[in-house]
Amino acid sequence: MWYEDIFKQLEELRDPVRAVQMEAYMRNQFPFLGIAAAPRKAVYQKEFRKALKERIIDFHFVEICFSKSEREFHYAGVDYLLAVQSILLPEDLMKIKKYIMMKSWWDTVDGLDGVVGSLVLCYPELKETMVEWSLEDNIWIRRVAIDHQLLFKEKTDTNLLAKIIKNNLNDTEFFINKAIGWSLRDYSKSNPEWVTNFINENKSLMAPLSIREGSKYI
């Protein structure tokens with residue numbers, strides 16, 4: 001298969017000393033090969049660009065990536081989806097949802113955030129799905145719903161943003177409150193007045209972390 005050499009090259013770059021450091025940084029959630037981002041991406045970027053050019057999406061490759069133990073393989077799966085995100089279709093969203101819930105931690109989830117955002121931007125009918133995700137029990141699905149509009153700038157749907165955040169106010173989960181803060185902080189670069197008003201209107205229900213992050217650039 002086309003990806004066998006990718007896995008082989010990643011294995012050959014294994015660095016046990018760096019792996020220990022990377023595992024510690026990620027709170028020992030997963031084992032690592034010990035490969036920095038630049039050499040890791042250099043292994044597969046050409047093949048991923050080829051997949052985009054040929055308009056081919058191989059979800060079996062992503063499945064294999066997430067089935068492996070070391071985190072760099074999971075990163076490869078996320079990077080692949082980011083590379084082909086422009087050719088994803090609405091029906092692919094449920095596949096992405098599965099990967100968000102597989103071996104979840106902020107690093108892969110935040111990468112898939114961009115994939116979901118790209119889909120919603122291309123297919124606005126998926127906005128209602130984001131509202132549904134914002135009410136789910138899984139914190140990572142809710143985190144993606146909250147942050148999927150990051151970097152949208154003037155294309156941000158403020159009604160959607162407000163509704164999703166309000167669905168998650170008065171929550172004690174760190175990763176949710178951090179996501180709320182990030183979404184507001186990012187949009188404040190484009191519309192500080194809207195973010196200021198939102199925080200003022202909802203501060204009684206917002207975690208201090210969310211207020212602090214959301215107000216950073218105001």
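These numbers were taken from a predicted model, which means no experiment stands behind them.
- Lys8 has a carboxylate O that lies under 4.0 Å from a charged side-chain N of Glu12, or vice versa, which qualifies the two as a salt bridge.
- Separation of atoms CG (Leu161) and NZ (Lys127) is listed at 11.5 Å; rounding is to 0.5 Å.
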Open item on the list: Applying ring pair (Phe, Tyr, Trp, His ring centres under 6.0 Å) to Phe175 and Trp106, what does each step give before you reach the verdict?
Closed with: CA-CA 8 Å; Phe175 286 110; Trp106 63 264; 8.0 Å; no

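- Using a 4.5 Å cut-off on side-chain heavy atoms (C-beta onward), Arg143 and Lys178 make contact.
- Smallest separation of non-hydrogen atoms from Ala145 and Met130: CB-O, 3.5 Å.
- The line from OG of Ser118 to CG of Leu151 is 12.0 Å long, rounded to the nearest 0.5 Å.
- Val84 and Ala51 make their closest contact through CG1-CB, 4.2 Å (heavy atoms, listed as atom of the first residue, atom of the second, distance).
- The ring-ring contact (aromatic ring centres under 6.0 Å, His included) with Phe66 is formed by just one residue from the set Tyr99, Phe59, Phe30; it is Tyr99.
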Open item on the list: Run Arg142 and Asp171 through side-chain contact (heavy atoms from CB on, under 4.5 Å) and show every step you take.
Closed with: CA-CA 11 Å; Arg142 285 193 283 136; Asp171 198 296; 3.0 Å; yes

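- Surrounding NZ of Lys189 are more than 12 heavy atoms belonging to other residues, nucleotides or ligands, all under 6.0 Å away.
- Salt bridge Asp107/Arg71: present, at least one basic N to carboxylate O contact under 4.0 Å.
- Under a 3.5 Å cut-off, the side chain of Ser215 and the backbone N or O of Ile211 do form a donor-acceptor pair.
- Enclosure of atom CD in Glu193 is not indicated, since only 12 or fewer non-hydrogen atoms of other residues, nucleotides or ligands lie within 6.0 angstrom.
- The shortest side-chain heavy-atom distance between Asp113 and Val109 does not fall under the 4.5 Å cut-off.
- Remark: Leu150 CG to Thr156 OG1 distance equals 8.5 Å, nearest 0.5 Å.
- Ile139 and Leu135 fall into different hydrophobic clusters, where Ile, Leu, Val, Met, Phe, Trp and Tyr are joined by side-chain heavy atoms under 4.5 Å apart, directly or via other members.
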Open item on the list: Before you tell me yes or no, could you show the steps for Glu213 and Leu209 under side-chain contact (heavy atoms from CB on, under 4.5 Å), namely the whole-Å CA-CA distance, both residues' side-chain angles and the distance that decides it to 0.1 Å?
Closed with: CA-CA 6 Å; Glu213 290 286 345; Leu209 172 61; 3.9 Å; yes

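- No side-chain heavy atom of Ile176 sits under 4.5 Å from any side-chain heavy atom of Trp140.
- In this structure, the side chain of Asn168 engages the main chain of Ile164 through a donor-acceptor pair within 3.5 Å.
- Summarising the geometry, atom CE belonging to Met206 is positioned 6.5 Å from atom CD1 belonging to Ile180; distances are rounded to the nearest 0.5 Å.
- No hydrogens or angles considered: nothing links the side chains of Asn197 and Glu201 as a donor-acceptor pair under 3.5 Å.
- A distance-only check finds a donor-acceptor pair linking the side chain of Thr196 to the backbone of Pro192 [under 3.5 Å].
- Atom CD1 of residue Ile100 and atom OG1 of residue Thr108 lie 9.0 Å apart, to the nearest 0.5 angstrom.
- A salt bridge between Glu136 and Lys97 is present, with a side-chain N of the basic residue lying under 4.0 Å from a carboxylate O of the acidic one.
- Under the 4.5 Å side-chain heavy-atom criterion for Ile, Leu, Val, Met, Phe, Trp and Tyr, Leu121 and Val131 are members of distinct hydrophobic clusters.
- Looking at Leu169 and Asn202, their side chains come closer than 4.5 Å, going by heavy atoms from C-beta outward.
- Across all non-hydrogen atoms, the minimal contact from Leu10 to Leu33 is O-CD1, 3.8 Å.
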- [ ] Could you go through the side-chain contact (heavy atoms from CB on, under 4.5 Å) check for Leu126 and Leu93 one step at a time?
- [x] CA-CA 9 Å; Leu126 296 177; Leu93 183 61; 3.9 Å; yes

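- Here the side chain of Ser210 pairs a donor or acceptor atom with the backbone of Asn177 at under 3.5 angstrom.
- In the hydrophobic cluster analysis, where Ile, Leu, Val, Met, Phe, Trp and Tyr join through side-chain heavy atoms closer than 4.5 angstrom, Phe152 is grouped apart from Phe198.
- A salt bridge links Asp92 to Lys95: one of the charged nitrogens lies within less than 4.0 Å of a carboxylate oxygen.
- Aromatic ring centres of Phe73 and Tyr3: separated by at least 6.0 Å.
- Side chain to side chain, Glu47 and Tyr80 fail the donor-acceptor criterion of an N or O pair below 3.5 Å.
- Counting heavy atoms from C-beta on, the side chains of Lys53 and Phe48 never come closer than 4.5 Å.
- Between Phe61 and Ile64 the shortest side-chain heavy-atom distance does not fall below 4.5 Å.
- Checked for salt-bridge contact, Arg14 and Glu72 miss the test: no charged N lies under 4.0 Å from a carboxylate O.
- The same ILVMFWY cluster, assembled from side-chain heavy atoms under 4.5 Å apart, contains both Ile6 and Leu13.
- Shown here for Gln85 and Val115, the closest heavy-atom pair between the two residues is OE1-CA, 3.6 Å.
- Placement of Val17 and Ile35 in two distinct hydrophobic clusters is found when ILVMFWY residues are connected by side-chain heavy-atom separations under 4.5 Å, directly or transitively.
- Shown here for Leu160 and Asp157, the closest heavy-atom pair between the two residues is N-OD1, 3.0 Å.
- Residues Pro31 and Ser69 approach most closely at CG-O, 3.6 Å, considering heavy atoms.
- Taking CD1 of Ile146 as the reference point, atom CG of Asn167 lies at 9.0 Å (rounded to 0.5 Å).
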- [ ] Determine, stepwise, if the pair Asp79 / Arg40 fulfils salt bridge (charged side-chain N to carboxylate O under 4.0 Å, His left out).
- [x] CA-CA 10 Å; Asp79 286 341; Arg40 166 172 53 81; 2.9 Å; yes

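- At least one side-chain heavy atom of Phe32 sits less than 4.5 Å from a side-chain heavy atom of Met26.
- Side-chain contact of Asn138 with Trp133: a donor-acceptor pair under 3.5 Å is absent, judged by distance alone.
- Ring centroid separation for the pair Tyr75 and Tyr44 does not come in under the 6.0 Å cut-off.
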Open item on the list: Pair Glu63, Lys68 - check salt bridge (charged side-chain N to carboxylate O under 4.0 Å, His left out), show working.
Closed with: CA-CA 9 Å; Glu63 290 283 341; Lys68 291 180 177 291; over 6 Å; no

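- Taking 4.5 Å as the limit, some side-chain heavy atom of Ile218 sits within range of a side-chain heavy atom of Val195.
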